Structures are given as structure tokens and as C-alpha cells.
Amino acid sequence: MPVTRIHWDDLPLAARAAVEQHTGSILSAETTVGGVNSGIAVIVRTAYSVLFVKGVPADHPQVRTQQREAEINPYLPAVCPRLLWHVREGGWDLIGYERIVGRHANYSPGSPDLPLVARALSELQNTPCPDIELKRAEDRWSGYAGPAGVEQLTGDALLHTDLAPHNLLITTRGHLIDWAWPTRGAAWIDPAVLILRLMEAGHSAPSADAWARDQFPTWATAADASVVAFSEANARAWDEIARNDPQVWKKNMSHLAHDWLNYWQSGR
């Protein structure tokens, strides 16, 4: 269900007042082009600070995703922006983050961003998974399981699972943003997710695989049968995504997921 994007001045007065209880008077608000799942996404400026505010109508299904973001934030590594507050007022659910002034990561072969991306994900891989309610990997992909099943996806690592380049902001380091799908599972799943995005940016399956093996011990030691189980399920998931919303990039991701699965099943 799409979210209609509005501007700061379009928010109900009660919602704006609730935000200003945390921020002080807002002097200006600039709508951003990112955050496609948000009904509002703005950079707001006060006399003392600049921060990022996003939100959705309180009765929209996407509100649960935003609540997941708020719940996981206190447990995230320093590579992730800090949640400053979370309010629900005037029919809107709104969250405020520290603003990171950066650009989206470039995943293309030879990009100088790649070491920063690897460092950010490695920091996450070394972060304990909190003892809170999270979706489990074996449940998330169970509906797409192939012959290998998904039991091999179990684990106690904290996973991001949506490592598209627009979810990595680059400054002097990489920053993981947009925690809509935090998941508990096998630690090698995030490198597997990243590999498909590397292929989307122009890497071959062998080169993306080799790069990930050099960067992430969890990927280098992942069992073949487990990778096959995830790759089969992930290819089916992307097939469904592309069928339901046949945008070019989604169809491309579906093709890449099958290219990756074929590469892995061929014995590499």
C-alpha cells in the first residue's frame, strides 16, 4: 500500500507541536527525495540543531515497520544514526534521527566506497543481537523455501537484510540506515544480501563472491548447503516481488538472484 508523500507544513498542527516539544521551534523543513516508504521525510533546522524526521500516518500498515526501526535503534552499533525521539500525535507516527550529511554508497567495481561499506557491515557483524522480539530468518524466507529448506538460516546474529546502496550513507565512513527489516539469523546472510547488490552495480558473481570472502569471515566459512538454501529462497522472493510490482530494477534483481544461484550450484 503506497504512502502519499506530504511536506512539513501539511502535517496536522498537533503533530508538528509534538515534534517541537523535542526539538524546539523548527525554523525550516526541507522535504527529501529519499525514504520512499515514508509519508513525510524532511530535514528540519532549529536554532540549535539539524535533524532528520520521517513518519507515516498512524493507521497506515507501514507504521509497524517504523516501530521496528525505533525498537532496534538503541541496540545498533555506532555506525548507525541515533534515534532521538519517537512520537505519535495528530494521526501521525513520527521519528527523529540525528542527521548524517553524506551521500549514497557507490557499489561499482573499484569504488573507493567498498572498503567503507565492508567496515560498516563488519561492525554490525560484531554487534550482539539484542534479546528483543525480532523476525527470524528461517521464518522470513520459509514461504520461499526450495528443496534445501531454510533450517540452515537459523542463528543469533543481528541482520540488516536490505543492503541496497541507498541504505549506506558515506561520509568519512559508511553508515547503515533504514532498519525496516531487522532480523535474527545466520551471520553470513547479510554478506549474501550484499553480494546481489554488488552484482546489480556491475560485479560478476565470482568477483562479488571473492570480495565478500576477503571481507567477512562469516561468509568465507558459510556451509555450501546453507548458501544454496538461502539462494533458492531469495530467488523465489525476488520473483514474487518482480511479479507483484514489475519495475525494471526489481525484475533485474530477480534475474541476478537466479544468476547467483546458478553460479553457486555450478560449483563456482
Side-chain angles (χ1 to χ4, degrees), residues 72 75-77 79-80 105 107 109 113-130 134-165 167-168 174 176 179 181-239 241 253-268:
I72 195 63
Y75 306 98
L76 299 180
V79 72
C80 304
Y107 284 2
D113 292 352
L114 292 177
L116 303 181
V117 171
R119 196 175 309 155
L121 185 53
S122 294
E123 187 171 334
L124 174 60
Q125 298 243 295
N126 289 316
T127 299
C129 190
L134 290 173
K135 194 77 169 180
R136 294 184 175 273
E138 62 271 27
D139 296 328
R140 271 193 62 183
W141 280 279
S142 63
Y144 308 101
V150 290
E151 294 79 7
Q152 301 95 323
L153 309 190
T154 60
D156 289 316
L158 174 60
L159 307 174
H160 184 283
T161 73
D162 187 11
L163 296 169
N167 287 336
L168 267 291
L176 284 166
W179 279 83
W181 295 102
T183 301
R184 186 190 308 274
W188 52 264
I189 291 175
D190 265 346
V193 169
L194 179 58
I195 280 173
L196 277 193
R197 293 298 186 169
L198 294 176
M199 292 172 63
E200 181 188 31
H203 296 253
S204 67
S207 67
D209 183 18
W211 181 85
R213 287 178 179 277
D214 287 342
Q215 303 298 326
F216 310 113
T218 56
W219 179 250
T221 57
D224 284 6
S226 298
V227 175
V228 168
F230 176 75
S231 300
E232 289 176 340
N234 203 35
R236 288 184 172 88
W238 276 111
D239 287 346
I241 290 169
M253 288 299 295
S254 175
H255 292 314
L256 291 173
H258 283 280
D259 289 346
W260 166 255
L261 177 60
N262 293 336
Y263 159 75
W264 195 267
Q265 290 179 324
S266 69
R268 306 183 305 285

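Residue indices begin at 1 and follow the sequence shown. Keep in mind that this is a model prediction, so the values were computed, not measured. These numbers come from the heavy atoms of this one structure, side chains and all, not from hydrogens, waters or symmetry mates.
Taking 4.5 Å as the limit, some side-chain heavy atom of Ile195 sits within range of a side-chain heavy atom of Trp219. Looking at heavy atoms from C-beta onward, Val117 lies out of side-chain contact with Arg197 at the 4.5 angstrom threshold.
From Leu163, atom CG reaches atom CG of Leu198 across 9.5 Å, with rounding to the nearest 0.5 Å. Within the model, atoms SG of Cys129 and CG of Leu159 stand 7.5 Å from one another, a figure rounded to the nearest 0.5 Å. Annotation: the span from Tyr75 atom OH to Leu158 atom CG amounts to 11.5 Å, rounded to 0.5 Å. Distance CG/Leu168 to CG/Asp162: 10.0 Å, rounded to 0.5 Å.
Looking at every heavy atom in both residues, Leu176 comes nearest to Ala120 through CD1-O, 4.0 Å. Smallest separation of non-hydrogen atoms from Pro165 and Glu200: CD-OE1, 4.5 Å. Between Ser226 and Leu153, the shortest heavy-atom contact is O-CD2, 4.2 Å. Heavy-atom minimum distance, Ala229 versus Gly149: CB-O, 2.9 Å. In plain terms, the two heavy atoms of Ser142 and Val150 that are nearest each other are CA-CG2, 3.9 Å. Nearest approach of Ala201 to Pro109, heavy atoms of both residues: O-CD, 3.6 Å.
In terms of the side chain to side chain donor-acceptor pair (under 3.5 Å) criterion, Trp238 has no residue partners (sequence neighbours excluded). With sequence neighbours excluded, no residue satisfies side chain to side chain donor-acceptor pair (under 3.5 Å) with Trp264. Checked against side chain to side chain donor-acceptor pair (under 3.5 Å), Ser204 has the following partners two or more places apart in sequence or in another chain: Ser207. The side-chain contact (heavy atoms from CB on, under 4.5 Å) search around Ala118 returns Trp211, Gln215, Phe216, not counting sequence neighbours. Residues passing the side-chain contact (heavy atoms from CB on, under 4.5 Å) test with Asp259 are Met199, Leu256, sequence neighbours excluded. Applying the salt bridge (charged side-chain N to carboxylate O under 4.0 Å, His left out) criterion to Glu138, with sequence neighbours excluded, gives no partner residue. For Asp139, the side-chain contact (heavy atoms from CB on, under 4.5 Å) partners at least two apart in sequence or on another chain are Lys135, Arg136. The side chain to side chain donor-acceptor pair (under 3.5 Å) check on Gln125 picks up Thr218, with sequence neighbours excluded.
In summary, the side chains of Trp260 and Asp209 do not present any donor paired with an acceptor at a separation below 3.5 Å, with no hydrogens or angles considered.
Applying the side-chain hydrogen bond (donor to acceptor under 3.5 Å, both in side chains) test to pairs two or more places apart or on separate chains, those with a residue in residues 143-154 are Tyr144-Glu240. Pairs of residues two or more places apart, or lying in two chains, that qualify as salt bridge (Lys or Arg N to Asp or Glu O under 4.0 Å) and include a residue from residues 118-127 are Glu123-Arg173. Within the structure, every pair that satisfies the salt bridge (Lys or Arg N to Asp or Glu O under 4.0 Å) test and touches residues 218-239, not counting sequence neighbours, is listed here: Asp224-Arg268.
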Side-chain donor-acceptor distances from residues 182-193 under 3.5 Å, at least two apart:
from   : atom 1 : to     : atom 2 : distance (Å)
Thr183 : OG1    : Arg140 : NH1    : 2.9
Thr183 : OG1    : Trp181 : O      : 3.0
Arg184 : NH2    : Pro130 : O      : 3.0
Arg184 : NH2    : Ile132 : O      : 3.0
Asp190 : OD1    : His160 : N      : 3.4
Asp190 : OD1    : Thr161 : N      : 2.9
Asp190 : OD2    : His160 : N      : 2.8

